[in-house]
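Residue numbers start from 1 in every chain, and the chains themselves are labelled A, B, ... in the order their sequence lines are given, proteins ahead of strands. Scope of the values below: all heavy atoms of this structure, side chains included, with no hydrogens, waters or symmetry mates.
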There are 2 protein chains.
Amino acid sequence: MNPTDAADTCHGRVRDREATRQRILDSARELFTQEGYAQVSSRSIAAEAGVNVALINRYFGAKRGLLAEVIAEDAAFPQLVQGERQTLPRRIAEHVVHRTLGEGTPLQRALLHSLGDPDLKSVFEERLQSAIIGPLADYIGGPDARTRATLVAALLIGVGNVRRMGGADALMEADADALVQRLTGIVERCLEE
Amino acid sequence: MNPTDAADTCHGRVRDREATRQRILDSARELFTQEGYAQVSSRSIAAEAGVNVALINRYFGAKRGLLAEVIAEDAAFPQLVQGERQTLPRRIAEHVVHRTLGEGTPLQRALLHSLGDPDLKSVFEERLQSAIIGPLADYIGGPDARTRATLVAALLIGVGNVRRMGGADALMEADADALVQRLTGIVERCLEE
DNA sequence: TTGACAAGTCAACACTGTTTACTTATACCT
DNA sequence: AGGTATAAGTAAACAGTGTTGACTTGTCAA
């Protein structure tokens, strides 16, 4: 009998470290983006993955390690920082209107659900720099590149947060094209030398 | 013997609903602004106040009721929305640089520590509208007042969040006056009709 | 076949917010 | 003054959390 068969051991599965790790990660991503970090318990992730709770800590150190890995996969924003410089503000504005104000990327959703969580601070800290501010600053260049990039990041995150707080009704009801135009102007102002 | 004396009952205090409520509230404000909502347990608030845990739920319904009451006291932003219209963007910019990027108001600190907390959503939701977007929209008037006010709110909250995530180093190292100028321009852009 | 080692399990730990049933002090009324 | 209703305060339990250490069991190599 082939030990890699799906048809398994007494408990229904072959012992495969990597496969189990991936199962947990998949369940975590699913649940985190659906309900947010704090709302999802380790036990429910384990149950969804059909796995023992203790394995989360074995493979990811702690629950936060799961989120760290989940958000590390997302690469929506870095893709934005490519193409011609002139239309960057518009691309960012469109990203805000169609992504941030829409469903949002998995990273965004997890991030906005879970921002402010104490033991996630370092996770977000790293990600904010490496995925948003850093690439953007490098891309725009010029004096105070980092300052200007940080302002754009603040705007992005702020819109996301306001939306999550249910305060973005006005933005979502507004005419999308007009909003893109307005945001383009704001981002231009942020990036101005 | 005067029953309102500080010198008390067997457990060291007179029974006084309002005074006890205030004690709890004071301890909560202190601890929330120092360490953040999630980090502070009901029991630690009760201990700090020298009071039984169950009284928190008795007087405030639940832990979230405590934060709701704490942040309801803060009125830093509404004060901003007074005075001549022309200099509003500059006042907001200065608020961001000197308050948000500095120590922050108690509300801000609590808010930024605790944003994203699920059962606080409704609390922040209400506060965002009644203390920031609402007053600002009324003040600026004109078409899309609410949309424009929401963008400013997003910027404010975004800067606060980025700072909390440790991503605002660039902003805090930047020349304060120059930053105020830049932010004034951005806020003007947000408010533009 | 027998070990060794990894993968997986189980039960416990200390902690959380919240609720219930309880005791006790206060203030009012006869 | 004495008795009593009512509110203030208490204690203990509940169900849930993340995390840990000692345990069992499957798998693969010698």
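The shortest distance between the side-chain N/O atoms of Arg15(B) and the OP1/OP2 oxygens of dT26(C) is not below 4.0 Å. Phosphate contact (OP1/OP2 of dT16(C), side-chain N/O of Ser42(B), threshold under 4.0 Å): absent.
Near-neighbour residues of DNA chain D inside residues 50-62 of chain B, defined by a heavy atom below 4.0 Å, number-ordered: Asn52(B), Ala54(B), Leu55(B), Arg58(B), Tyr59(B).
The closest donor-acceptor contact from the side chain of Arg43(B) to the backbone of Val53(B) lies at 3.5 Å or more, if one exists at all. Between the side chain of Ser41(A) and the backbone N or O of Ser44(A), at least one donor-acceptor pair lies under 3.5 Å.
Arg43(B) contributes a side-chain N or O that forms a donor-acceptor pair with the base of dT18(C) under 3.5 Å.
Comparing Asp16(B) and Ser41(A) by the nucleotide of DNA chain D that holds the closest heavy atom to each, the one mapping nearer the 5' end is Asp16(B).
Between Phe32(B) atom CZ and dG17(C) atom C1' there is a gap of 12 Å when expressed in whole angstrom units. Taking atom NZ on Lys63(B) and atom P on dG16(D), their separation rounds to 19 Å, with Å as the unit. Leu67(B) has its CG atom 15 Å from the C1' atom of dG17(C), to the nearest Å. One atom, OH of Tyr37(A), and another, P of dT17(D), lie 13 Å apart when rounded to the nearest Å. Atoms CZ (Arg23(B)) and P (dG9(D)) sit 10 Å apart, rounded to a whole Å. In this entry the distance linking CD1 of Ile45(B) with P of dT18(C) reads 10 Å, nearest Å. Summarising the geometry, the separation between CD1 on Ile24(A) and P on dT19(D) is reported as 13 Å, rounded to the nearest angstrom.
For the 3.5 Å distance criterion, the side chains of Gln129(A) and Arg146(A) qualify, holding a donor opposite an acceptor. For Gln22(B) and Arg17(B), the side-chain atoms include no donor-acceptor pair closer than 3.5 Å. If you check the side chains of Glu30(B) and Gln34(B), you find a donor sitting under 3.5 Å from an acceptor.
Rotation axes derived from the C1' atoms of the five outermost pairs at either end of the helix from dT1(C)-dA30(D) to dT30(C)-dA1(D) lie 20° apart, to the nearest 10°.
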### Task
Before giving the answer on side chain to side chain contact (heavy atoms under 4.5 Å, CB included), spell out for Leu66(B) and Phe32(B) the whole-Å C-alpha distance, their side-chain angles and the decisive distance to 0.1 Å.
CA-CA 10 Å; Leu66(B) 264 176; Phe32(B) 282 165; 4.0 Å; yes
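The environment of Gln86(A) atom CD is sparse: at most 12 non-hydrogen atoms of other residues, nucleotides or ligands sit within 6.0 angstrom.
Looking at Arg23(A) and Asp26(A), no side-chain N of the basic residue comes within less than 4.0 Å of a carboxylate O on the acidic one, giving no salt bridge.
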Could you pull out every donor-acceptor pair under 3.5 Å between side chains of residues 185-193 of chain A and any protein atom, sequence neighbours left out?
residue   : atom : partner   : partner atom : Å
Arg189(A) : NE   : Gly185(B) : O            : 3.1
Arg189(A) : NH1  : Glu192(A) : OE1          : 3.4

